[in-house]
Amino acid sequence: MNKTIFFTGAGISAESGVPTYRGRGGVWEQYNYEEYACQEAFDRNPKKVIEFHKVRRKAVGFCKPNAGHLAITAMQGATIITQNIDGLHQRAGSKTVIELHGSLWKNRCNYCDETQEIIPGEFYYKTLCNCGRYFRPDIVWFGDSLKEHNIRQAMHAIEHCETFISIGTSGAVWPAAGFPELAKSHGAMCIEINPEPTELSYMFDECIREKASVAVPKLVKRMLEK
Ligand code: OAD
């Protein structure tokens with residue numbers, strides 16, 4: 001079994017054209033999450049929130065996986081734990097992907113738990129569930145809890161990994177921000193790929209200050225040649 005974990009954040013998709021959340025040009029600089037990304041906003045004005053996510057789906061639907069996503073697929077058997085909702089790891093061909101913050105390509109009904117898959121590029125899905133309520137995006141919004149099953153699966157993989165590679169995350173959002181420390185405390189070799197230092201950089205054994213599309217292919221090649 002391959003005991004490598006790729007733990008990814010918005011930075012790995014930045015070069016595909018998906019904006020990051022924090023920093024210049026970030027989603028939360030442009031949009032107030034209280035109006036677009038929390039259950040209260042959806043309850044107040046579902047159409048406005050649905051429209052916002054439709055626009056995001058459309059934008060992300062045009063983005064393509066980059067060399068970073070593609071290089072990861074060469075590491076067969078590795079586990080990917082992602083905070084991203086864009087589905088680009090799966091579109092690159094990765095199979096084992098734990099989506100901690102849900103998916104832009106799924107809707108769910110809060111009342112009857114009905115879910116709906118959305119095919120990237122297909123935007124004419126139903127907005128109403130069979131029970132008559134609005135579907136909401138199956139994304140972890142501000143104030144939502146993460147799915148217990150996903151956290152347990154992620155933590156189990158981290159506790160048994162040998163190499164933990166963090167790519168393009170600021171490490172600002174919990175519980176994901178605690179994952180590098182968990183990996184380290186279980187003896188994993190920890191590597192960070194991020195052009196900028198993060199609050200968690202101090203705990204990595206190696207920090208690669210390059211963009212994901214450059215650094216990930218080089219690192220994967222190095223690991224496969226070992
Ligand atoms: P952030 O936007 O907080 O951080 C993105 C990180 O990517 C930063 O540290 C950048 O320096 C780095 N970065 C930018 N371009 C890069 C590149 N080309 N290659 C590598 N790294 C690059 O995004 P996340 O850490 O993913 O949650 O944010 C975590 C969560 O906060 C998101 O999942 C989202 C948000 O609120 C929800 O929506 C629930």
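Just so you know, ligand 1 is whichever comes first in the structure, and atom 1 is the first atom listed for that ligand.
For His69 (side chain) and Asn66 (main-chain N/O), a donor-acceptor pair under 3.5 Å exists by modelled atom type.
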Show the atom names and distances, to 0.1 Å, of all donor-acceptor pairs under 3.5 Å that link a side chain in residues 94-103 to residues at least two apart or in another chain.
unit_1, atom_1, unit_2, atom_2, d
Glu99, OE2, Gln90, NE2, 3.1
His101, ND1, Gln83, O, 3.3
Ser103, OG, Trp105, N, 2.9

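Contact residues of ligand 1 (protein heavy atom closer than 4.0 angstrom to a ligand atom; sorted by chain and number): Gly9, Ala10, Gly11, Ala14, Glu15, Thr20, Tyr21, Arg22, Trp28, Gln83, His101, Val140, Phe142, Gly168, Thr169, Ser170, Val173, Asn194, Pro195, Glu196, Lys211, Ala212.
Remark: of the listed residues Thr73, Asn84, Thr8, Thr8 is the sole one forming a side chain to side chain donor-acceptor pair (under 3.5 Å) with His89. For the ring-ring contact (aromatic ring centres under 6.0 Å, His included) test with Phe142, the passing option among Tyr33, Tyr21, Phe42 is Tyr33; the others fail.
In this structure, Lys48 forms a cation-pi arrangement with Tyr36, its terminal cationic atom sitting closer than 6.0 Å to the ring centre and no more than 45° off the ring axis.
Ion pairing between Glu40 and Arg44 fails under the 4.0 Å rule for side-chain N and carboxylate O.
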